[in-house]
Every structure is written in C-alpha cells, then in structure tokens.
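Source: prediction; values computed, not measured. Chain A is the first sequence line, chain B the second, and so forth, proteins listed ahead of strands; every chain is numbered from 1.
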Protein chains: 2
Amino acid sequence: MAATREPISRRERPAKPALTRRGIVDTAVRIMRSDGLDKVTMRRLAQELDTGPASLYVYVANTAELHGAVLDALLGEVDLAAEEAGAGWREQLVQVLTSYTFVLFEHPRLARSALVAHPGGENYLNLVERVLGLLSRGGVPVGQAAWGVDTLLQYATATAAEHGTREQDPAAQDDWDALTRAVHDADEATHPAIRAHLPALLAGPDESRLTWGFDVLINGIIHTPAPLEG
Amino acid sequence: MAATREPISRRERPAKPALTRRGIVDTAVRIMRSDGLDKVTMRRLAQELDTGPASLYVYVANTAELHGAVLDALLGEVDLAAEEAGAGWREQLVQVLTSYTFVLFEHPRLARSALVAHPGGENYLNLVERVLGLLSRGGVPVGQAAWGVDTLLQYATATAAEHGTREQDPAAQDDWDALTRAVHDADEATHPAIRAHLPALLAGPDESRLTWGFDVLINGIIHTPAPLEG
DNA sequence: ACCTGAACACCGTTCAAGT
DNA sequence: ACCTGAACACCGTTCAAGT
C-alpha cells in the first residue's frame with residue numbers, strides 16, 4: 001500500500017489552477033448562483049480559489065468591478081433573437097426586454113448594481129444594439145430612440161431590482177405588508193385619491209403589468225419628440 | 001478652585017439624552033447629510049449617541065429599516081404644493097416629480113434603497129396621494145393612474161440612483177469613461193445602430209432629459225389602457 | 001422594559017515581503 | 001510580474017447579564 005504513495009513533494013493535490021481573471025469571474029458566477037450575490041466577496045472568492053484575498057486584486061480592481069463582470073456574464077443568457085415568424089418590431093422588442101427582465105429577476109441584487117454601475121460589457125452592448133435596431137425599424141427618430149433605449153432598460157432593470165424573487169427574504173415581505181397596511185389605513189379625509197385607486201394600487205407586479213409598462217414607454221417614446229432633435 | 005468642583009457623582013457631563021426612535025433617526029439623518037449613507041451604521045450611530053450598538057435594536061429592527069426611516073424623513077423636503085397660478089395638472093405633476101427627483105439626487109445611495117425597500121412612510125404616502133390626485137384631475141382612468149404612479153416614481157427614483165451627484169466618487173467616473181470608450185469602439189459591422197445613434201446616446205442626463213422622460217411616461221400612461229380595466 | 005459588554009462571524013483593502 | 005501573510009479598520013447582530 002505504502003509503495004503506491006507518491007513522494008510528498010508531488011502528492012496529487014487538486015492541482016490548484018493558475019489564477020486568471022476568467023477563472024475568478026467564473027467562480028464568482030458560480031457562488032452567486034448557489035448562494036446569492038451577498039456571498040460573492042473577495043474573501044469567500046479567495047477561499048474558493050485556495051488563495052488569499054489580496055491575490056485577487058491583481059485581476060480585479062475592487063468588489064464593484066467584480067460585480068460588474070458577473071453581471072455582464074449573466075447578460076449572455078438574454079435571448080436577443082426573438083425571431084417569431086411574422087412578429088412585428090414591437091412584439092420582438094417586448095420579447096427581448098422581457099427576456100432581459102426575467103434574467104435579472106433571478107438576481108435582484110445584481111439588478112440593483114446594474115442600475116448604478118452602468119454595465120458597458122460586451123453582452124450589454126449587444127442588448128443596446130438590438131433594442132436600438134428594433135426602435136429604428138419601427139421608424140422612431142434617432143433622438144427619441146437614443147434616449148428611449150435608456151428608459152426601457154432602466155424600467156426593466158428597476159422592476160427586476162424591485163420585485164426580483166431570488167432572495168425571497170422575509171424582510172421584503174414585511175415591507176410589503178407594512179405598505180399594504182399603510183395604504184389601507186390611509187384616511188379618506190387626508191388621502192382620498194389613494195382610497196379611490198385602492199384595488200389596482202396594490203395589485204402585484206405580474207407579467208401583464210410588466211408588459212403594460214413596456215407598452216407605456218414605447219407609446220410614449222413614439223409620441224414624445226426630443227427637444228432639439230437632430 | 002477646587003471648591004467650585006461638583007461632587008464626582010454628579011459632574012456636569014453633556015447629560016446624555018434618553019434614547020428614543022426619534023433621536024436615533026434624527027442622528028442618522030445628520031450623519032447622512034455630513035458623511036453619506038455609507039456611514040450611517042449601527043456602530044457609528046451608537047458611538048454618536050454615546051452607547052453600544054446593541055442598544056439601538058430596542059428601537060430599530062435592523063439597518064434596512066433604519067435607512068427606510070431616514071428616507072421618509074428626507075421625503076419631507078419634497079415640494080408637493082407646486083401651485084403656480086394657472087398651471088395645468090401636467091405642469092404641476094412634472095414639478096412635483098422633479099422636486100422629488102432633486103431631493104433624491106443629493107442622496108443616490110438612499111435612492112437605491114428606496115427602489116428596493118418600498119417606503120410606506122407618511123411622507124411617501126403624501127407624495128403618492130398628490131401624484132394620483134393630479135393624474136385623476138387629468139382624467140386618467142383609475143387603472144392607468146394606479147399603475148402609472150408607480151412607473152413615474154420608479155423612473156424618478158431610478159434616475160436619482162443612477163445619476164445622483166452627492167458621492168461624486170471617481171469610480172462612477174471610471175465607469176462612465178469605460179462605457180463611453182466601449183460605445184465609441186463599437187464596430188460599424190457588429191453594432192451599426194449604436195454608431196447611428198452615437199451623439200444622442202451619450203448625451204448626459206440633464207434636466208431636459210429628465211423632463212422628457214416624465215413626458216414620455218405621462219403620454220404613455222394616457223394612451224395605454226390597462227388590461228381588464230375596472 | 002431598557003440598556004449594555006462582549007462576543008461571533010464576518011467584511012474590503014493595503015502593504016511589505018517574498019518568489 | 002505575480003502572489004502572499006498579516007494587518008488595519010471596520011461591519012451587523014445576538015445574547016446573557018445587569019439595572
């Protein structure tokens with residue numbers, strides 16, 4: 001038995017792979033999928049990669065940049081094709097945006113960072129290109145399309161950040177309960193409009209509401225000229 | 001000299017005031033104004049109030065709830081009046097929303113939490129009431145107004161979170177630079193639409209763009225019936 | 001009931017020193 | 001150039017013990 005042992009100096013350890021930016025980001029994505037973005041920390045990542053946190057700073061500027069890289073990796077899952085036979089540009093646009101929203105829905109914490117740290121990665125650029133192309137095909141003037149793409153993606157991102165499901169934390173539920181109570185307790189005398197809009201005001205954010213939001217924006221973008229249009 | 005000394009037992013200390021929720025939130029607001037939301041931590045707050053962090057948990061459930069309270073305190077600054085003589089409902093609505101956005105603009109980190117932790121405080125409720133009232137006055141159907149108020153406030157909040165100024169951190173600048181470079185480097189072959197929309201695509205988020213966004217949403221809300229309208 | 005000290009279990013980031 | 005150990009300066013939250 002002992003004869004089969006390798007010399008200690010080259011015992012078969014898991015052969016710690018060389019550190020690369022790619023490997024770091026991939027590991028970060030894996031941690032996020034299994035444990036959520038909260039756990040994608042320099043220390044946890046270093047532990048997973050069998051090194052110290054300081055080593056990561058050779059490949060990654062800081063935690064924010066790392067999260068940005070994770071986000072762009074995730075955007076690779078967005079379905080940009082949406083080429084249903086005969087579908088018009090509007091239907092295709094809504095499909096692409098819905099796909100984007102659903103991808104972020106699984107990771108609301110990431111959606112929150114997407115709102116602040118403007119992505120700028122390759123996959124994000126492809127998404128912008130696709131949305132602009134569809135608006136263009138719909139005859140939307142350049143100025144309106146350029147500002148419109150931002151508004152559309154912002155709406156999708158914010159909705160995912162707001163109503164995302166992954167971390168079904170009970171705190172979010174408490175929040176919602178508190179709001180429901182506050183709205184229901186709203187006085188007829190001081191808050192008549194809230195009472196008048198009550199049922200719809202508290203309707204949950206389902207897919208029909210998401211689609212309505214996209215329609216609102218598309219209609220608005222079409223019908224609202226940008227100032228100083230060039 | 002020594003004769004003027006009080007007995008040690010009642011030496012004039014600054015008379016540490018009793019802990020109250022109100023006092024805690026006020027102190028939190030003060031810290032945020034001077035040092036930003038990042039510094040509004042349980043430990044810093046405890047230090048400022050001359051106690052230990054554990055004591056705060058008698059009055060505040062956790063950090064998220066505390067930040068929510070700070071947010072609602074800040075919303076007291078929103079100008080809900082906006083009663084320019086002869087101004088129509090649309091102009092007043094845009095004014096109220098602009099005031100809300102400007103308040104959050106000073107505190108983008110807080111805007112980010114507002115997006116997630118739905119407020120539900122008194123000041124937030126008053127804002128919702130005001131916006132609903134104005135939409136109502138504009139003849140917007142109940143279902144569209146109820147969903148519309150959410151969309152409008154979400155746009156305002158997300159814009160503040162995205163472009164807020166307070167913490168002019170250089171990281172945000174780097175981000176923007178990276179995006180600018182990525183967009184400029186976009187290939188004519190692979191990203192023709194980005195190139196075609198180039199100047200407007202990178203135009204900064206000034207007030208005219210904010211107003212355009214409000215107009216887009218208001219136009220869209222007016223012209224997009226909600227499904228199953230009741 | 002309210003308050004506290006102390007502890008538990010973490011963070012991001014830097015830096016001098018090694019290879 | 002890349003990697004590391006160790007340190008610095010923090011976090012949120014809980015809990016047993018005190019008043």
Side-chain angles (χ1 to χ4, degrees), chain A residues 9-10 13-25 27-28 31-32 34-71 109-110 112-113 116-117 167 169-172 174-175, chain B residues 9-10 13-25 27-28 31-32 34-71 109-110 112-113 116-117 167 169-172 174-175:
Chain A
S9 56
R10 46 185 297 269
R13 268 177 299 161
K16 176 176 155 184
L19 238 38
T20 61
R21 186 171 218 274
R22 183 59 198 275
I24 290 169
V25 173
T27 307
I31 294 173
M32 184 197 55
S34 60
D35 296 21
L37 192 68
D38 284 333
K39 306 292 170 149
V40 181
T41 66
M42 292 300 198
R43 292 179 111 104
R44 167 71 183 276
L45 206 42
Q47 187 190 312
E48 209 94 4
L49 291 165
D50 197 18
T51 182
S55 307
L56 304 175
Y57 285 83
V58 177
Y59 304 96
V60 153
N62 49 46
T63 307
E65 206 232 64
L66 173 66
H67 287 183
V70 169
L71 171 65
R109 278 290 320 278
L110 206 53
R112 234 179 299 175
S113 8
V116 184
E167 11 222 303
D169 57 336
D174 290 356
D175 252 32
Chain B
S9 57
R10 45 185 297 267
R13 269 176 298 162
K16 176 177 155 183
L19 238 39
T20 61
R21 186 173 218 272
R22 181 61 197 275
I24 290 169
V25 173
T27 306
I31 294 173
M32 184 197 55
S34 61
D35 296 22
L37 191 68
D38 283 333
K39 305 292 171 149
V40 181
T41 66
M42 292 300 198
R43 291 178 111 104
R44 167 71 184 275
L45 205 42
Q47 188 190 314
E48 208 95 4
L49 292 165
D50 196 19
T51 182
S55 306
L56 304 176
Y57 285 83
V58 177
Y59 304 96
V60 154
N62 49 47
T63 308
E65 206 232 64
L66 173 67
H67 287 182
V70 169
L71 171 66
R109 278 290 319 278
L110 206 53
R112 233 180 299 175
S113 8
V116 184
E167 11 224 303
D169 55 337
D174 290 355
D175 253 33

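The CE atom of Met32(A) sits 12.0 Å away from the CG atom of Leu45(A) when rounded to the nearest 0.5 Å. To the nearest 0.5 Å, the span separating OG on Ser55(A) from CG on Leu49(A) amounts to 9.5 Å.
Residue pairs meeting the salt bridge (Lys or Arg N to Asp or Glu O under 4.0 Å) criterion with at least one partner in residues 55-70 of chain B, sequence neighbours excluded, are Arg21(B)-Glu65(B).
If you take atom P in dC8(D) and the same atom in dA9(C), they sit 23 Å apart, rounded to whole Å.
Under a 3.5 Å cut-off, the side chain of Tyr59(B) and the backbone N or O of Ile24(B) do not form any donor-acceptor pair.
Residues meeting the side-chain hydrogen bond (donor to acceptor under 3.5 Å, both in side chains) test with Gln47(A), sequence neighbours left out: none. With sequence neighbours left out, Thr27(B) forms a side-chain hydrogen bond (donor to acceptor under 3.5 Å, both in side chains) with no residue at all.
For DNA chain C, if you chain together Watson-Crick or G-U pairs that step i with j, i+1 with j-1 and so on, the runs of at least three with distances under 3.5 Å are C:4-8 with D:12-16, C:12-16 with D:4-8.
Of the residues in residues 44-52 of chain B, those lying under 4.0 Å from DNA chain C by heavy-atom distance are Thr51(B).
Arg112(A) has its side chain out of reach of Leu37(A): every pair of non-hydrogen atoms, C-beta onward, lies at least 4.5 Å apart.
Where Arg43(A) and Val58(A) meet DNA chain D, the nucleotide closest to each residue was compared, and Val58(A) sits on the side nearer the 5' end.
Taking the 5' to 3' direction, DNA chain D first and last meets chain A under 4.0 angstrom from a heavy atom at dC2(D) to dA7(D).
Looking at heavy-atom distances under 4.0 Å, Ser55(B) makes contact with a base.
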